[in-house]
Amino acid sequence: MNPAPASARLRRLFGGIALLAACLPLPGLALPSFARQTGEDCAACHVGAFGPQLTPHGQRFKLEGYAESNGDAPAVPLSGMVVASYTHTSADLSEAPGPHDGTNNNFSMQEASLFLGGRLAENLGAFVQATYSDIDRKAALDNVDVRYGKSTSLFGSEATVGLGVNNNPGIQDLWNTLPAWGFPYTGTELGPESAAAPLLAGALEHQVIGASAYGLWQDRWYTELGAYRSLSRGLLSDLGIGDEAGRISGLAPYWRVAYNRDLHSQAFSVGLVGLTARLQPDREPGQSNRYNDIGLDATYQYLGTRRHVFSVNASFIHEHQTLDAAYAADEAAAAGHSLDTLHLDASWYYDRTWGLTVGLFDTRGSRDTTLYAPEADVGSRTGKPDTRGSVLQADWTPFGKEGSWDSPWANVRLGLQYTAYSKFNGARHDYDGFGRSANDNNTLFAFVWTAF
Amino acid sequence: MIRAPLVPSASRALGHGFVAILLAAAPVLAQAADAVRGADVFDANCAECHSVAKTLKNKKGPSLFGVVGRTAGTVAGYEYSEAMHRAGFVWDAERLDAYLAHPKAVVPGDKMKFDGLDSREERADVIAFLDERK
């Protein structure tokens, strides 16, 4: 998924900071090729019978390298996805979010993706996505997660250990708390985006390559350690990916620990995550901007007989920024900054078909009138990135269960999502210095999300 | 579910010998299995990996349609572990109960990733449910 031009402008301005919206979606889904490989239905691995929210069963499938199967002849591990949408904001944007879009009420074939998803060899599997964006009118390599996972015994207890390679910090995670797979699982790309989000919220997505080693011990204790480095400009260009984050100086370490329990009819987890990177905005040696993210997250799922499924996901990410490069380039009034983001969502799915989810988001950061300058729609009059609001989504997923029509070849989700902002980029009223109010950005998003 | 104790008047009428038989049967009566509850237990614990559809459908685990009374490791088209292939026993209620309680103890080395059902009542219920699926 590629960012809207407004976001790209701001990213350059801030020297590589991720300026994705506090709730910017990163679509992913239950791949029918996984279902064909395992003989299982989408609902086995995904809450609500559609991705990407994983059940404990889906977490284990991912942990073990997307490689488990029902032993049938190998299926072709290819899947497709199309998201078509309609976006309405309370007030028109001051300029169209894309060259082929209007300032409001946009219908869009938002994106079409092709996936290589499934088993490549014993214990080895892949989730590789290439996406055509109707907004940018171009195709690019999207999410990549290739992993090897194997069950074994460690210190006398069962364990699963693995190695993974991916291009988006957090995409390898098993829980739906980190931004890479967090709620909302799809959303508009044609609405306004808030001024700041932590590095873990997609600043490096698709522009890096990373490897990590992980293990789950006693089905409870999860640990992971890895590192990322930037792809070259030439390779990014070849893959259709914009060079927006700059270059990581050296390596960017990533770590994750979590305690997880699967009690069959319910499950919970609590964990910590960290990512640190020094980014050189223009890829030139010299001063850099340093970002140090640390996050706390927790999940709870009541699964029961799967007739009624309740889930709660929560995360808090604190980011410390030392923006030496931005300060030296007069793009920030001070080098030291902090940013805190809180996300909370709770969902109820009935019969793995009808879903209702409410999400809350709250971003707070230090004031800097240079870093967060006034600009129509996307800027800040107050020099603060603070953004708060809620998301309400209702959706219907008629297929994806055992015996569903055309299972396991196709699935679809129809949804209606409303995002309401009580504060945007530091203020409720005239937040951008051009008279726009936070609730002018309230967004109605209707979508048809298909997978085949 | 715990059944009500034997009625005292019945004890007197039937004599001590028969009462002894009934008392001996009490644990079984106390475990009176309920296939309806068993369907819920199956949905909560088994359905992601196993199908009970009449039309053969193997998932990551073999079809359990007709499992009660079947010889272990014999569902067509399913790739069993070597351990299950060699098991050779028939899935009767007693064997299923032991297996559902501690799968790895009954078939060491099998590939099923399930840590067991602790509740004896739930095991009895799900076995009753499986017994109906044939």
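In what follows, every chain begins at residue 1, and chains take the letters A, B, ... in the order their sequences are listed. We use all heavy atoms of the structure for the numbers below, so side chains are in, but hydrogens, waters and symmetry mates are not.
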Q | Portion of B:Tyr80 that has a non-hydrogen atom of chain A nearer than 4.5 angstrom | A | neither
(Q) With a 4.5 angstrom heavy-atom cut-off, is it the side chain or the backbone of B:Lys104 that approaches chain A, or both, or neither? (A) side chain
Q: Inspect the surroundings of CD in A:Glu122 and state if more than 12 heavy atoms from other residues, nucleotides or ligands are less than 6.0 Å away.
A: no
**Q.** Part of residues 41-52 of chain B lying next to chain A, heavy-atom separation under 4.5 Å
**A.** B:Asp43, B:Ala44, B:Asn45, B:Glu48, B:Cys49, B:Ser51
(Q) Check this for me: does any side-chain nitrogen of one of A:Glu402 and B:Lys57 sit under 4.0 Å from a carboxylate oxygen of the other? (A) no
**Q.** B:Lys113 and A:Glu68, any side-chain heavy atoms less than 4.5 Å apart
**A.** yes
Q: May I ask you to list the residues in residues 299-307 of chain A that approach chain B closer than 4.5 angstrom, counting heavy atoms only, ordered by number?
A: A:Gly304, A:Thr305, A:Arg306
Q: Go through the structure and list residues passing salt bridge (charged side-chain N to carboxylate O under 4.0 Å, His left out) with B:Asp40, not counting sequence neighbours.
A: none
Q: Please indicate whether B:His85 has more than 12 foreign heavy atoms, meaning atoms of other residues, nucleotides or ligands, lying under 6.0 Å from its NE2.
A: yes
**Q.** Side chain / backbone / both / neither for A:Thr38 at chain B, heavy atoms under 4.5 Å
**A.** both
Q | Interchain contact, A:Gln266 with chain B, by part (heavy-atom threshold 4.5 Å) | A | neither
Q) Just checking heavy atoms, which of residues 147-160 of chain A are less than 4.5 Å from chain B? A) A:Ser151, A:Glu158
